[in-house]
Amino acid sequence: MPVAANRDPTIRFGGSVFSDHRRAVRVLAATVVFGLAGTLAVSTARGTGPNETPDARGERIIHEADQKVRAKDFDAAAAATDAVWKTRSSIPDDVALAAIRNTDLTPETRTFMVDVLAGKNQRPVANDKVKGLLRDHAVDDAVKVKVLVDFEFEPGDAAMLQQLTQTDDALGFHALKKLSEVEPAAGVDLARQFLKQPLKMSDLRISGAFKAVVRSNQFKQDPALRNELIAWASEVLQGSAFSASAKESATFALAETRSMSSLKIILDKQTDPIMIAGAVDENAQVLLEVLTDCVDPADVTLVAGALMTHPINELADPLTNCARKLGNKQISEAAKRVAARTA
């Protein structure tokens, strides 16, 4: 299957026959059941010959697939693109690259051919020709996004990736993600710049910046950076000017800090019950540690409130035991309610 048959909404082409290649293959399987695949295979194979070169064959099957896509015939397009995918190892790189650049082909075909090119290698590391697609102003941003998603990059590519982050859109989002993988410190520095002025940033850039920080080793090792992130995320979560999407990103970031102070901010400021449930689940181990230590009534009260919002079966007994140990009536009542909900 293609390397990047992913679910990222920033790169999905809604309604296209390539929006989910796995779905295309499932449809192809259905056509076999109904006896249609054989007909399609014959039409796809027509014109082959013993003297056909790999270049000519590759160009032909790509063109045939594109014609099916252009006709918006999903079943036929699924079969044709599956034929391209299954023979990807025999398609020369230059033919695939030419198809990616060919604006006479549909956008769906061109982005699919990025999948094909990457899928030829078990570990698709971007070579100079692939990186040339990212540097070429004539190449669509959608294609560049697919290149960033499908291929791996190296530290030597950091300057190029940093340049691509300057666009506040899907391309910039994925460029920051790749930059953070190859040069984490550079990714964190750039994310810091973005998060210091979140009101000027799109939801996508805010999301990318939070991810760049929380996925870095620096975040795990540097308390100052963790505190900065908590401050940035709190600003977004509490600000009336930010969208629900930006607040989701802030909630995920706060949950990643694995701290009671961050969880308190989420419980106080986040109103989406699904987001709250996710944050409580993410911090289940932290909650258990508080209940096991059973020292600070304020922290235990916060745990009880979290479990009232989103009960976790495994924490009901530890909460009951801790409430008994502290002799706190309010916590004991909360523990009873949590126990009743998890019974």
Side-chain angles (χ1 to χ4, degrees), residues 1-14 16-22 24 58-59 62 65-66 69 81 84-85 87-89 91-184 186-187 190 202 204-205 207-209 211-212 215:
M1 306 308 298
V3 169
N6 60 64
R7 306 290 178 178
D8 192 328
T10 65
I11 61 170
R12 181 180 298 168
F13 297 93
S16 81
V17 296
F18 298 121
S19 61
D20 191 333
H21 186 68
R22 283 174 289 186
E59 291 167 356
I62 292 167
D66 186 65
V69 173
T81 56
V84 174
W85 176 253
T87 59
R88 63 193 180 280
S89 61
I91 298 175
D93 287 2
D94 286 345
V95 171
L97 286 161
I100 293 167
R101 293 178 181 276
N102 186 356
T103 56
D104 289 335
L105 299 178
T106 60
E108 294 90 346
T109 297
R110 282 182 277 136
T111 53
F112 172 67
M113 289 309 300
V114 178
D115 279 341
V116 171
L117 185 61
K120 294 179 66 178
N121 300 287
Q122 189 170 6
R123 182 170 175 255
V125 178
N127 58 29
D128 287 342
K129 289 184 177 180
V130 170
K131 285 181 272 192
L133 294 169
L134 296 175
R135 296 188 178 100
D136 189 344
H137 295 298
V139 174
D140 295 346
D141 280 0
V143 169
K144 293 180 179 180
V145 167
K146 207 73 171 76
V147 170
L148 289 172
V149 170
D150 281 9
F151 285 89
E152 296 180 22
F153 293 83
E154 298 173 331
D157 302 319
M160 176 189 68
L161 294 170
Q162 188 149 3
Q163 182 64 35
L164 292 171
T165 65
Q166 299 311 302
T167 59
D168 190 357
D169 53 17
L171 181 60
F173 172 88
H174 287 283
L176 178 56
K177 182 177 178 181
K178 287 296 182 182
L179 176 63
S180 300
E181 292 174 4
V182 302
E183 282 289 350
L190 192 58
S202 69
L204 202 54
R205 177 163 278 180
S207 174
K211 288 177 180 178
R215 291 175 179 174

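Taking 4.0 Å as the cut-off between side-chain N and carboxylate O, Lys129 and Asp94 count as a salt-bridged pair. The pair Lys178-Asp157 does not count as a salt bridge, with every side-chain nitrogen at least 4.0 angstrom from each carboxylate oxygen.
Atoms OG1 and CG, on Thr165 and Leu190 in that order, are 4.5 Å from each other to the nearest 0.5 Å. Between Leu134 atom CG and Leu148 atom CG the span is 5.0 Å, to the nearest 0.5 Å. Residue Leu117 holds its CG atom at 11.5 Å from NZ of Lys146, rounded to the nearest 0.5 Å. Taken to the nearest 0.5 Å, the CG atom of Asp104 stands 9.0 Å off from the CZ atom of Arg110. Atom-to-atom distance recorded for Gln166:CD and Leu176:CG is 10.0 Å, nearest 0.5 angstrom. Atom OG1 of Thr111 and atom CG of Leu105 lie 10.5 Å apart (nearest 0.5 Å).
Although no hydrogens or angles enter the test, the distance criterion places a donor-acceptor pair under 3.5 Å between the side chain of Asp169 and the main chain of Gly172. No donor-acceptor pair closer than 3.5 Å links the side chain of Lys177 to the backbone N or O of Lys211. A distance-only check finds no donor-acceptor pair linking the side chain of Asp140 to the backbone of Ala142 [under 3.5 Å].
Taking both residues in full, the closest heavy atoms of Pro124 and Ala118 are given as CB-O, 3.5 Å, listed atom of the first, atom of the second, then distance. In this structure, Leu161 and Phe153 approach most closely via the heavy-atom pair CD1-CB, 4.2 Å. Closest non-hydrogen pair, Val145 versus Ala170, comes out as CG2-C, 3.9 Å. Across every non-hydrogen atom of Ala175 and Leu164, the tightest pair is CB-CB, 3.6 Å. Counting all heavy atoms, side chain and backbone alike, Lys120 lies closest to Asp93 at NZ-OD1, 2.5 Å. Closest non-hydrogen pair, Gly119 versus Trp85, comes out as CA-CH2, 3.7 Å.
With contacts defined as side-chain heavy-atom distances shorter than 4.5 Å, the pair Phe151/Val114 qualifies. Taking the side chain as every heavy atom from C-beta outward, Asp141 and Lys144 approach each other to under 4.5 Å. Inter-residue side-chain proximity for Glu152 and Val125 is flagged as met; some heavy-atom pair is nearer than 4.5 Å.
Just one of Val84, Thr81, Asp66 meets the side-chain contact (heavy atoms from CB on, under 4.5 Å) condition when paired with Met113; it is Val84.
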